[in-house]
K.L.:
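Let me begin by handing over the structure; questions about it come next.
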Amino acid sequence: MTKWVYSFGGGVSEGRADMKNLLGGKGANLAEMASLGLPVPPGLTITTEVCTYYYDNGQSYPPELTAQVEAALAQIEAAVGARFGDVANPLLVSVRSGARVSMPGMMDTVLNLGLNDETVEGLAKNSDNPRFAWDSYRRFIQMYSDVVLGVDHYHFEELIEMLKEDKGVDLDTELEADDWKQLAGEFKAKTEEVLGRPFPQDVKEQLWGAIGAVFGSWQIERAKVYRRLNNIPESWGTAVNVQAMVFGNMGDTSATGVAFTRNPSNGTREYYGEYLINAQGEDVVAGIRTPQYLTKAAREEAGAKAASMEESMPEVYKQLADVFDKLERHYRDMQDIEFTVQHGKLWMLQTRSGKRTAKAALKIAVDLVEEGLIDEKTAVLRVDPAALDQLLHPTLDPTAPRDHFTRGLPASPGAAAGIVVFDADEAETLAKDGKDVILCRVETSPEDIHGMHAARGILTARGGMTSHAAVVARGMGRPCVSGAGTLRIDTKAGVMTSLGREIKQGDFITIDGASGEVYVGAVKTLQPELHGDFAKLMVWADEYRKLRVRTNADTPNDTATAREFGAEGIGLCRTEHMFFEGERIVAVREMILAEDVAERKKALAKLLPMQRGDFVEIFKIMRGLPVTVRLLDPPLHEFLPREEDEFEDVAKAMGVSVDKLKRHAADLHEFNPMLGHRGCRLGITYPEIYEMQARAIFEAALEVVSSTGDTVVPEIMIPLVATEKELAMLRARVEKVAETVFAEKGEKVDYMVGTMIELPRAALRAGDIANSADFFSFGTNDLTQTTIGISRDDAGRFLDQYVKLDIFAVDPFVSIDQDGVGDLVKLGAERGRATKPGLKLGICGEHGGDPASVEFCHRVGLDYVSCSPFRVPIARLAAAQAALKG
Ligand code: PEP
Ligand code: MG
């Protein structure tokens, strides 16, 4: 018989930490903690397989489930010494979701389940605390009605506010037992009024209702959005954990908190966390009350008055610190922990590997190696390559003037400037229009994640370092400042104020997620420093990777940046990008609009020294590393004049009339320029263009060899080849230019001529194309466009929808479509190497900097990937991980 339910706590532990796929992260780790002898309230986990079964079978459960749950529940009752639904001594439970990976705040939770009109009396008597019992009951009715029965929680908030007004009090804490009792009655009546049926009194009905709600929450919109953003497959499903309640709200010797065993923001080895005395767990995370610090040192550093846990509960704090150390040594990683103290007794509610910033991930990985807990390989595998992006984010220029507006917690690092937006939908819309926005909210909720994703940065008025905004922003790598105490946000009026100043929707602000400061206006930012831990990890990564990593760089500036990031050469220098600089564009336009070869040559003669100068600089910066220069590629219309004054400039330079020029420009118009007169087709029809470029390359190479003594081996790359004939013809012309230049200068350099594989035909015919090529570079941008038949320029309109509908798991222009486009890459590589075993193979589409695509390139056996300068470190790490994963 299938085992659908696993027990933990109270001396048993049927699961283990490595059973996350079955038990979810939370369930597996609760079982593991129980087996380590840590104090875990007893509970049961319903497996993720039940979730899958539930959705495969018209939302019904396996027939054996009820009996298995009841048997496990009986074990909990025995361990706690209380019975579910017992009037005198009731067991209360929490019901929580728990997928394989944590999805903070995305799915549903119900606490205090098992209370009804009778058991609440038992709880009041046993706890000797009627206020607590009635408060728990009304919380339960509120949560259950909201989560399970779909009655919006504002109904209940209203009733609380009305009662407080009647009584003339401001705070919930001023309400007494009888007030909560009255509210519990009103809450039930409200639920009945909305639903037309009474609030369930049968505890079993409550339990199955909550279990159903958790499984149901796997498919609610915000959970789907979260999964899409985090590449979590629908098929994983969630587990459900039913666990005996422990209470942090039983008075001043009770508390609840969350903690990290190291600082998740910068990685420092220090306990880090927050707690609240006399509160339930959700109060800390929800940011309703401002939590207090865990350690004395953190409290003092922040200049806060409220006692730290280390000071207010020294005994329990010491136990907790021991648990932290034990868990770190056991899991060999930084842990994120939830705990509750009930009447001075410590209970562990959760542990998991803690989410951290890239900076912290690096420091922790490097420190753990130095502490002897993990080896270098493990460290390399611990850091998510995509997260390195965060480290490559700008910081504020310390010398730039600043105009202080408010200050909050440094919740997620990086500096960002943008316009103030108060609404998540609007943030998304404006970001789509290319605006940099800062999403400013009182606090964020899971409904806001699409706006947070679209924003450059996030600012909230409420909430701690573990609030929703902070956790989600760190995961996304968005700079975030949370809990800015002086900030008042009036969303309706579209303004926010702090310390007597006002900022309107649409005004610029700058946030610094590393310090928590917020400034009026856009403050200048600086590029990051990449030494220390980053450099150490990169050295380890470089030991393991097989792929080489080059960069796509067109300017001396990019080239220099890329070298600093560890690029081992240039995989793609798009020469056309050089054509837009300064005055050159006029000469480029003359070249395009020339009526005959003589005129074109005149224009090309102007461009030659400029191109040569660029190549000299690039060869010098790369100092002997390989440089692949691609000859002119893009559709010519990109260079055509558009504005009147642009036509006038070119007409003047060419000595022709503006009208004539306009007519000629109109002649060059194409309906599908991406599939038109571009790439090697330009080289075939206008031989003098490629000849000029080849000459510039050879002259520059000779100049650099003689002035620096470095070796320079230019790799000349012909774009958009479909047939071997095109390549053979163009190769012959390049060779002829080489001979001419070498004869003129009396010196030679070695060079290579290769091609891009960016059309399906080229991939299919790679076997014969290889006869004329010294190397291939897969241009997967165009190859994606032409294989799937979707336009690089226009696909944005529907691709979003395609990804939402899961037609594509991810945007194929971002991460290579491994089955389709990838198959052509594989085939092209095989056929090319069948002709020429040593054929050098690389990739230079945007995919070269995407970790999943890099792993694919490793598996296919390419020699190198090439990507934009800022993604070079990401590719290096991804390549190492690919090699280590085998
Ligand atoms: C490609 O098509 O993948 C490529 C690198 O070339 P471009 O993006 O310049 O067309
Ligand atoms: Mg291309």
Side-chain angles (χ1 to χ4, degrees), residues 26 29-30 33 38-41 94 96 102 104-105 109 111-112 132 139 173 243-265 268 270-302 304-328 334-356 409 411 443 462-471 474 482-483:
K26 192 185 209 76
N29 284 325
L30 281 167
M33 281 200 291
L38 299 179
V40 175
S94 63
R96 298 173 200 260
S102 101
T109 292
L111 303 179
N112 302 332
F132 154 75
R139 281 178 194 249
T173 45
Q243 190 175 22
M245 286 292 303
V246 285
F247 295 95
N249 55 341
M250 277 196 159
D252 289 346
T253 55
S254 299
T256 187
V258 293
F260 291 85
T261 54
R262 298 182 189 224
N263 184 320
S265 196
T268 307
E270 65 195 4
Y271 306 135
Y272 180 95
E274 297 165 332
Y275 84 116
L276 273 174
I277 291 184
N278 196 11
Q280 270 200 326
E282 312 313 287
D283 300 345
V284 179
V285 185
I288 292 165
R289 268 163 65 190
T290 298
Q292 292 158 233
Y293 290 92
L294 209 60
T295 65
K296 182 162 176 262
R299 177 186 69 72
E300 283 172 353
E301 202 190 313
K305 293 208 182 63
S308 66
M309 186 174 176
E310 187 174 5
E311 294 157 303
S312 69
M313 300 183 158
E315 283 300 307
V316 189
Y317 173 81
K318 215 181 139 292
Q319 279 175 38
L320 187 61
D322 286 345
V323 171
F324 289 167
D325 294 345
K326 192 166 186 177
L327 287 173
E328 260 214 0
M334 183 259 268
Q335 296 294 297
D336 167 0
I337 285 159
E338 286 179 20
F339 63 89
T340 281
V341 180
Q342 177 175 324
H343 288 319
K345 168 148 177 61
L346 176 68
W347 291 101
M348 304 307 298
L349 298 185
Q350 170 159 305
T351 190
R352 62 186 176 199
S353 155
K355 282 210 195 318
R356 60 204 81 180
L409 300 170
E443 59 199 326
R462 283 220 296 253
M465 290 294 285
T466 48
S467 65
H468 177 265
V471 171
R474 278 200 293 274
S482 70

K.L.:
Using ring-ring contact (aromatic ring centres under 6.0 Å, His included) as the criterion, list what pairs up with F339, not counting sequence neighbours.
P.N.:
none

K.L.:
Heavy-atom distance under 4.5 Å between the side chains of I337 and V258, does that happen here?
P.N.:
no

K.L.:
Hey, does R352 have a side-chain heavy atom less than 4.5 Å from the side chain of K26?
P.N.:
no

K.L.:
Should R356 and M334 count as side-chain neighbours, where that means a heavy-atom distance under 4.5 Å?
P.N.:
yes

K.L.:
In residues 309-322, what donor-acceptor pairs under 3.5 Å come from side-chain atoms, sequence neighbours left out?
P.N.:
{"from": "E310", "atom 1": "OE1", "to": "K296", "atom 2": "N", "distance (Å)": "2.8"}
{"from": "E311", "atom 1": "OE1", "to": "R299", "atom 2": "NE", "distance (Å)": "2.9"}
{"from": "E311", "atom 1": "OE1", "to": "S308", "atom 2": "N", "distance (Å)": "2.8"}
{"from": "E311", "atom 1": "OE1", "to": "S308", "atom 2": "OG", "distance (Å)": "2.5"}
{"from": "E311", "atom 1": "OE2", "to": "R299", "atom 2": "NE", "distance (Å)": "3.4"}
{"from": "E311", "atom 1": "OE2", "to": "R299", "atom 2": "NH2", "distance (Å)": "2.8"}
{"from": "S312", "atom 1": "OG", "to": "Y275", "atom 2": "OH", "distance (Å)": "2.8"}
{"from": "S312", "atom 1": "OG", "to": "S308", "atom 2": "O", "distance (Å)": "3.3"}

K.L.:
Once side chain to side chain donor-acceptor pair (under 3.5 Å) is applied, do any residues pair with T253, and if so which ones, sequence neighbours excluded?
P.N.:
none

K.L.:
Any donor-acceptor pair under 3.5 Å linking the side-chain atoms of Y272 with those of D336?
P.N.:
no

K.L.:
Of all the heavy-atom pairs spanning H343 and M250, show the shortest one and how long it is.
P.N.:
NE2-SD, 3.3 Å

K.L.:
Return the CE to CG distance between M245 and L349, rounded to the nearest 0.5 Å.
P.N.:
8.5 Å

K.L.:
Hydrogens and angles aside, do Q335 and T351 bring a side-chain donor and acceptor to less than 3.5 Å of each other?
P.N.:
yes

K.L.:
For E300 and T295, what are the C-alpha separation, side-chain angles and deciding distance, and is it a side chain to side chain contact (heavy atoms under 4.5 Å, CB included)?
P.N.:
CA-CA 9 Å; E300 283 172 353; T295 65; over 6 Å; no

K.L.:
For residues S254 and Q342, is any side-chain donor paired with an opposing acceptor at under 3.5 Å?
P.N.:
no

K.L.:
Have N112 and Q280 got a donor and an acceptor in their side chains that come within less than 3.5 Å?
P.N.:
yes

